[in-house]
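One structure below.
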Amino acid sequence: MVNQILKVLKKKPELKNNQKQINKNDYHLITEPKEIDYWIKEAEEVGEVAVDTETSSLDPHQAELIGVSLSTKIGKACYIPIGHNSKKSIDKDLVLEKLKPLLEDSSIKKIGQNIKFDFIVLFKHGIKISSMEDTMLMSYVLDSGKNRHNMDTLSEIHLNHKTIAFKDLVGSGKKEINFSEVEIEKAKDYAAEDADITYRLYKKFQKSLKDEKMVNVYETFEKPMIEILALMEIEGIKVDPKFLKILSLKFEKKIEKIQKEVFKISKKEFNIASPKQLGEILYNDLKIADLKKTKKGSFATSASVLEDLAFKGHKFPQYILDWRQVSKLKNTYSDSLPEHINFQTKRVHTSFLLAATTTGRLASSDPNLQNIPIKSEDGKNIRKAFIAEEDHVLISADYNQIEMRILADLADVKELKKAFKNNEDIHSLTASQIFNIDIKKVNQDQRRKAKAINFGIIYGISQYGLAKQINVSNFEAEEFLNAYFLKFPEIKSYMDQTIKFCRKSGFVRNIFGRRSHFININDKNFNIRNFQERAAINAPIQGSASEIMRLAMIRLDKKLNEQKNKKTKMLLQIHDELIFETPKEEAKRISKLIIEEMSSVAKSEQHTFSIPLTVDLNIGDNWGALH
DNA sequence: GCGTTCCGCTCG
DNA sequence: GTACGAGCGGAACGCC
């Protein structure tokens, strides 16, 4: 709820009345290959060039190249049409032959907006762009959390200029046409503008990064990730569609069976997936529960509500929970993953988003491979569909308790640091501290509660939230927290200091200097303010962890490239875990290397941690076998 | 019909 | 009225 309010606040750049007109007289349409030479010479002289590709699809793995635009000077750009349905289009091979040396020349910077996309598209055409700069990532480093980082928004905010909308060119819905059908003159205006705007933004952001001392974050944690992630996306991962088909059928049967039981009780058929209809049945027909509503005034049928009812012995809500779980697995995973298998590579290629989170974490989409099920038995089966090629294995390596370790380092928590150095069980230690008992006498329930508190701390806990989570009274939760802060006073002080700093500055910094902005931290609305405070406490912890993983990926990429045959491929990152694919005979040797490199990030030019980073590693022929 | 929001589920 | 950070699918809604 609060989150949604904040999202609304975040959108909407406001154009000032005196909007700047960008002169388009200096936008050139290239009509024959030799005209390109002029632009290459210009790029060589200035040592940098803004580049943008136009394609037939938003999916770079199946996108056809339609055109390339270049800009070497503010206000001056060209468009090279190579895949248009028009006689004016130039021969693609000739153009790429000319552009290849420029794009691969490491002494000339190639500036793009989300240039990972262009890298992938051109890689498929035999060109490997080097020396990349990215305005999207510069913007992200400068104000993660304040704005979105797409070019239209950036142009409006920083240049006070509204760009030509892509939709105005191609239309939308059924009437949408392919970019290759767009009239070349219009395509030129649009594409040249994109390159021009990108170059303008680059110049502006370059200065801001220096002024705000954010160059290191951009250079160290963003730029090296572009190529690494692009190559991971291009590599993809093998998924067994037959296995998923069988799972879908199994889920289908299970869904039908549960549905029958549900209708037996409701005595009529309805759409179980509709919270509205379900609410009617639950509250009006069956009258199982006291009426509960969501904030918007509709019936509340969330898992926590249904779980409470199920706990009281009702069968109906438990059936609904089971139905939802299985239909989620079917709709989101077993039915949908096979549709993402690339028809040429036979593998699934996710997209890793570098500028999507407020903390510096990556996100994954189309499909999201960072939320593949693991917690339920049915869910685990989905993971078994992710497999290694023949004679290969998958390796998974994950950081152990990374966020608690960061908290220990960041807040300088003596007891925690000691425990990590001695390789103790951190939740048991916490339990022994807050319940004041010997660590050997900690029972399951005490450890469970301590674990919940440790998580809560990382999330910027409230006693109310903790009480709900571990099902104790508010009073008891408060007692636990008091005991906790008494034993770990440095944590309390970290939390207070962090909020204080954020109130004053509007942002917090993680260990490596990245900022996360919380511009509503002083909001007069209690909910919004508290929400931002919790997020501000969490951001340096979650953010530092993501930075550690970035450094590990950069080190590993370098080490793997130094290997003789370079057969081991990094495939996926799931926040604190990396997945690799490697020939069987290399697995042992490479595993050692992975553990070494990941652990060694504890000591880097960027930061020396006061605690060790330990890594757990597993090998198997499918992802399901790795835990 | 099409785009956006709500609700609920998945993960770290 | 609440744990932090994400993305996706289906239903509902709102606007032609």
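In what follows, chains are A, B, ... by sequence order, proteins preceding strands, each numbered from 1.
An aromatic stack links Tyr464(A) and the base of dT2(C), using centre distance under 5.5 Å and interplanar angle under 30°.
Among dC11(B), dG7(C), dG5(C), the nucleotide with an atom closest to any side-chain atom of Ser365(A) is dG7(C). Taking only side-chain atoms of Asn371(A), from C-beta outward, the nucleotide of dG9(C), dG8(B), dT10(B) with the closest atom is dT10(B). Closest to the Asn538(A) side chain, of the nucleotides dG7(C), dC11(B), dC4(C), is dC4(C). Closest contact between the side chain of Pro373(A) and the listed nucleotides dT2(C), dG5(C), dC11(B) involves dC11(B). Minimum atom distance to the side chain of Phe455(A) is reached by dA3(C), of the listed dC2(B), dA3(C), dG12(B). Checked against dA3(C), dA6(C), dC9(B), the side chain of Thr358(A) finds its nearest nucleotide in dA6(C). Of the candidates dA6(C), dC7(B), dG3(B), the closest approach to any side-chain atom of Ser172(A) belongs to dG3(B). For Asp366(A), whose side chain is taken as the heavy atoms from C-beta onward, the closest listed nucleotide among dC8(C), dG3(B), dC4(C) is dC8(C). When the nucleotides dC9(B), dG1(C), dG12(B) are ranked by their closest atom to the side chain of Asp576(A), dG12(B) comes out on top.
Note on ring orientation: taking the six-membered ring where Trp is involved, the planes of Tyr283(A) and Phe299(A) are parallel (angle under 30°, cut-offs 30° and 60°).
Contact annotation for Gly460(A): no contact, since no heavy-atom pair falls under 4.0 Å across all strands. Residue-level contact check: Ser364(A) touches the backbone only, with heavy atoms under 4.0 Å from sugar-phosphate atoms and none from bases. When heavy atoms are screened at a 4.0 angstrom cut-off, Ala303(A) is found touching the sugar-phosphate backbone but no base atom. Contacts of Lys174(A) with the nucleic acid, taken as non-hydrogen atoms under 4.0 Å apart, involve only primed sugar atoms and P, OP1 or OP2. The residue Arg383(A) sits close only to the backbone: its heavy atoms come under 4.0 Å of sugar-phosphate atoms, none of a base. Ile374(A) comes within contact range of the sugar-phosphate backbone alone, with a heavy-atom separation under 4.0 Å but no base atom that close.
Across the protein-nucleic acid pair, Ile320(A) atom CD1 and dC7(B) atom C1' stand 15 Å apart, rounded to whole Å. As rounded to whole Å, 15 Å separates atom C1' of dT10(B) from atom NZ of Lys380(A). Here the C1' atom of nucleotide dC4(C) and the CD atom of Gln370(A) are 15 Å apart, to the nearest Å. Atom CG in Leu329(A) sits about 8 Å away from atom P in dC11(B), given to the nearest Å. The distance between atom CD1 of Ile541(A) and atom P of dC4(C), rounded to the nearest whole Å, is 13 Å. In this entry the distance linking CG of Leu572(A) with C1' of dA6(C) reads 16 Å, nearest Å. If you take CD of Gln573(A) and C1' of dC11(B), they are 13 Å apart, rounded to a whole angstrom. Rounded to a whole Å, the CD1 atom of Ile461(A) is 12 Å from the C1' atom of dC4(C).
Listed pair Ser546(A) / dG5(C) fails the phosphate criterion, with no side-chain N or O lying under 4.0 Å from OP1 or OP2. Side-chain N/O atoms of Gln325(A) include one lying less than 4.0 angstrom from OP1 or OP2 on dT10(B). Contact between the side-chain N/O atoms of Ser351(A) and the OP1/OP2 oxygens of dG7(C) is not found at any separation under 4.0 Å. Between Arg361(A) and the phosphate of dG5(C), there is no side-chain N or O to OP1/OP2 separation shorter than 4.0 Å. The side chain of Thr359(A) contributes no N or O atom lying less than 4.0 Å from OP1 or OP2 of dC4(C). Of the side-chain N and O atoms in Arg324(A), one or more sit less than 4.0 angstrom from OP1 or OP2 of dC9(B). Between Ser302(A) and dC7(B) there is no side-chain polar atom (N or O) within less than 4.0 angstrom of OP1 or OP2.
Spacing of C1' atoms, dA3(C) relative to dT5(B), comes out at 24 Å, to the nearest Å.
You'll find a donor-acceptor pair under 3.5 Å spanning the side chain of Ser462(A) and the base of dT2(C), going by distance alone.
By the 4.0 Å N-to-carboxylate-O rule, Lys449(A) lies close enough to Asp445(A) to be salt-bridged with it. Taking the charged nitrogens against the carboxylate oxygens, Glu547(A) and Arg361(A) have no contact shorter than 4.0 Å, which rules out a salt bridge. Between Asp285(A) and Lys268(A) there is a salt bridge, with a side-chain nitrogen of the basic residue lying less than 4.0 Å from a carboxylate oxygen of the acidic one. Remark: Lys116(A) engages Glu233(A) in a salt bridge, criterion side-chain N to carboxylate O under 4.0 Å.
Between Phe488(A) and Tyr484(A), the ring center distance clears the sub-6.0 Å criterion. The ring of Phe501(A) has its center closer than 6.0 angstrom to the ring center of Phe507(A).
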Starting at the 5' end of nucleotides 10-16 of chain C, put B wherever the base has a protein heavy atom under 4.0 Å, S where only the sugar-phosphate does, and a dash everywhere else. SSSS---
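For Ile177(A), the CD1 atom is densely surrounded, since the number of other residues' heavy atoms within 6.0 Å is greater than 12. Counting non-hydrogen atoms of other residues, nucleotides and ligands closer than 6.0 Å to CG of Asn271(A) gives a total above 12.
Stacking of Arg550(A) on the aromatic ring of Phe221(A) is not recorded, the 6.0 Å distance cut-off and the 45° axial limit not both being met.
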